[in-house]
Visitor: 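I am attaching a structure below and will ask some questions about it afterwards.
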Amino acid sequence: MRVLIGGGSGFVGRELTRLLRNKGHEVTIISRQPGPGKITWGELESRGLPPCEGAVNLAGENLMNPLRWWNESYKKDLFSSRIDTTKTLAQAIAASSSPPRSWVLVSAVACYRPSLTAEYTEDSEWSPFDLLSQLLKEWEASALLPENVAKNTKQVVIRPGVVLGRDGGAMKQMLLPFWLGLGGTLGSGTQPFPWIHVSDLAGIIAHALEPPADTPSPSVQVLNGVAPTLNTNYEFTKELGRLLRRPTIFPVPGFVMNALLGSERAVVLTQGQKVIPKRTLEAGFQYKYPDLTSALKEIVGS
């Protein structure tokens with residue numbers, strides 16, 4: 001199978017590319033920079049979709065970029081980097097004479113309103129309530145294919161939680177303070193912490209790319225890209241500290257997180273949602289790292 005990946009050189013994209021190539025698939029990455037095995041976004045717009053059986057979009061400015069201050073220009077980049085690339089790919093698919101069998105957008109769980117009690121599955125209704133959920137609404141809408149194309153191309157949206165892995169994502173920024181013994185809960189620590197190991201997220205995407213056995217349903221399939229165990233930020237913090245053999249006695253109060261990151265961005269870490277991967281499990285996906293201990297052991301190498 002030939003797969004086209006937007007944002008394939010990022011943290012999740014590298015893992016997905018490795019997995020697909022190991023399975024014997026061909027991968028072409030859409031990137032800002034040209035190179036072997038790559039096409040640029042400009043080439044995609046001018047030349048159209050290259051031949052492929054599957055397409056994925058992972059492109060987007062990093063929400064937790066520590067080098068960028070939370071201001072209007074950064075917010076604008078968060079929206080445009082996701083929506084414009086998704087729209088470009090969806091339009092290229094719609095205009096193609098032989099569109100791919102599967103089209104996968106990887107978005108986020110920020111569409112679900114933070115709560116200590118509510119549990120969300122893929123069937124949960126939602127509507128925008130803050131900046132990030134508004135972004136999700138526009139982002140997922142930009143992936144929709146016209147009805148005549150959706151008859152032959154399976155449309156899937158995967159909503160991951162915090163992606164954990166060795167060489168990128170949230171762990172990259174967390175490990176140093178933990179190693180220094182400065183790790184601690186974020187905010188109250190009681191907030192749900194929906195997470196997934198990067199290998200499992202790549203596995204769910206690869207699973208979603210499998211061509212449909214029969215005529216695809218014209219409606220979008222949603223899969224929650226989270227581990228099947230529900231954890232709090234406190235449980236995550238204690239387990240990481242235990243595996244690193246480091247104390248976790250320095251909680252970071254919510255107001256400090258808001259000051260450092262901006263309150264609209266800090267919400268991702270100081271509040272959370274109980275997200276259940278109901279359809280992901282029903283689809284028969286087998287997790288390699290279904291619980292925190294196994295996921296964190298693989299990452300910190302203990």
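When reading the values below, keep in mind they use all heavy atoms of this one structure, side chains included, and skip hydrogens, waters and symmetry mates. Numbers for residues simply follow the sequence, beginning at 1. In this text, all values refer to a predicted model and were calculated from it rather than measured experimentally.
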Visitor: Distance from Leu230 atom CG to Glu235 atom CD, nearest 0.5 Å?
Guide: 9.0 Å
Visitor: Indicate yes or no for a side-chain donor-acceptor contact from Gln191 to the backbone of Leu269 under 3.5 Å, with no hydrogens or angles considered.
Guide: yes
Visitor: Nearest 0.5 Å, please: how far is OG in Ser217 from NZ in Lys151?
Guide: 13.0 Å
Visitor: Ignoring hydrogens, what is the shortest heavy-atom contact between Gly7 and Trp41? Give both atom names and the distance.
Guide: N-CZ2, 4.2 Å
Visitor: Short question: side chain of Lys154, backbone of Ala208 - any donor-acceptor pair under 3.5 Å?
Guide: yes
Visitor: How far apart are the C-alpha atoms of Arg68 and Glu61, what are their side-chain angles, what is the distance that settles it, and do they pass the salt bridge (charged side-chain N to carboxylate O under 4.0 Å, His left out) test?
Guide: CA-CA 10 Å; Arg68 292 204 61 178; Glu61 170 72 44; 3.5 Å; yes
Visitor: Report yes or no: do Thr86 and Asn57 form a side-chain donor-acceptor pair below 3.5 Å?
Guide: yes
Visitor: Given Lys238, which partner from the list Thr248, Asn233, Thr232, Thr185 fulfils the side chain to side chain donor-acceptor pair (under 3.5 Å) test?
Guide: Thr248
Visitor: Looking at CZ of Arg113 and OG of Ser127, how far apart are the two atoms once the value is rounded to the nearest 0.5 Å?
Guide: 7.0 Å
Visitor: Does the Glu122 side chain pair with the main chain of Arg279, one donor and one acceptor, at a distance under 3.5 Å?
Guide: yes
Visitor: Contact between Trp179 and Leu244 at the side-chain level, heavy atoms closer than 4.5 Å - yes or no?
Guide: yes
Visitor: Nearest heavy-atom pair of Pro194 and Val275: which atoms, and what distance?
Guide: CB-CG2, 4.2 Å
Visitor: Taking Ile196 as the fixed residue, which of Leu164, Val163, Val162, Val12 is the one that meets the side-chain contact (heavy atoms from CB on, under 4.5 Å) rule?
Guide: Val163
Visitor: In terms of ring plane angle, is the pair Tyr112 and Tyr120 parallel, tilted or perpendicular, where the classes change at 30° and 60°?
Guide: parallel
Visitor: For Ala206 and Leu16, work out which heavy atoms get closest and say how close.
Guide: N-CD1, 4.2 Å
Visitor: Under 6.0 Å from the ring centre and within 45 degrees of the ring axis: does the NZ or CZ of Lys87 meet both conditions for the six-membered ring of Trp139?
Guide: no
Visitor: Please check this pair: side chain of Gln271 against backbone of Pro114, looking for a donor-acceptor N/O pair closer than 3.5 Å.
Guide: no
Visitor: Does a salt bridge link Glu282 with Lys278, judged by any charged N lying under 4.0 Å from a carboxylate O?
Guide: yes
Visitor: Could you state the interatomic distance from CG (Leu132) to CG (Leu136), rounded to the nearest 0.5 Å?
Guide: 7.5 Å
Visitor: With heavy-atom distances below 4.5 Å as the criterion, would you say the side chains of Pro212 and Ser102 are in contact?
Guide: yes
Visitor: Less than 3.5 Å apart, any donor N or O on the side chain of Ser199 or Glu15 sitting next to an acceptor on the other?
Guide: yes
Visitor: Looking only at atom types and distance, does a side-chain atom of Arg166 sit under 3.5 Å from a main-chain N or O of Glu298, one as donor and one as acceptor?
Guide: yes
Visitor: Taking the side chain from Arg159 and the backbone from Leu223, do they hold a donor-acceptor pair closer than 3.5 Å?
Guide: no
Visitor: So do the side chains of Leu182 and Phe178 get within less than 4.5 Å of each other, counting heavy atoms only?
Guide: no
Visitor: Counting C-beta onward and ignoring hydrogens, is there a side-chain heavy-atom pair between Leu4 and Leu49 closer than 4.5 Å?
Guide: yes
Visitor: Between Tyr289 and His197, what is the ring plane arrangement, given parallel below 30°, perpendicular above 60°, and tilted in between?
Guide: parallel
Visitor: What heavy-atom pair brings Thr40 and Pro34 nearest, and what distance separates the two atoms?
Guide: CG2-N, 3.7 Å
Visitor: Which pair of heavy atoms, one from Ala266 and one from Asn258, lies closest together, and at what distance?
Guide: CB-OD1, 3.4 Å
Visitor: Run the salt-bridge test on Glu210 and Arg101 with the 4.0 Å N-O cut-off and return the result as yes or no.
Guide: no
Visitor: Taking Arg21 for the side chain and Val27 for the main chain, is one N or O donor matched with an acceptor at less than 3.5 Å?
Guide: yes
Visitor: When you measure from the side chain of Thr85 to the backbone of Ser81, do you find a donor-acceptor pair of N or O atoms at a distance under 3.5 Å?
Guide: yes
Visitor: Would you say Ser133's side chain and Pro128's backbone share a donor-acceptor pair under 3.5 angstrom?
Guide: no
Visitor: Does Tyr234 have more than 12 heavy atoms from other residues, nucleotides or ligands lying within 6.0 Å of its OH?
Guide: no
Visitor: Where is the tightest heavy-atom contact between Phe236 and Met171, given as atom of each residue plus distance?
Guide: CZ-SD, 4.0 Å
Visitor: I'd like to know if Arg82 pairs up with Glu138 as an ion pair, taking the criterion as any Lys NZ or Arg NE/NH1/NH2 lying under 4.0 Å from an Asp or Glu carboxylate oxygen.
Guide: no
Visitor: Tell me if a side-chain donor or acceptor on Gln155 pairs with a main-chain N or O of Leu145 at a distance below 3.5 Å.
Guide: yes
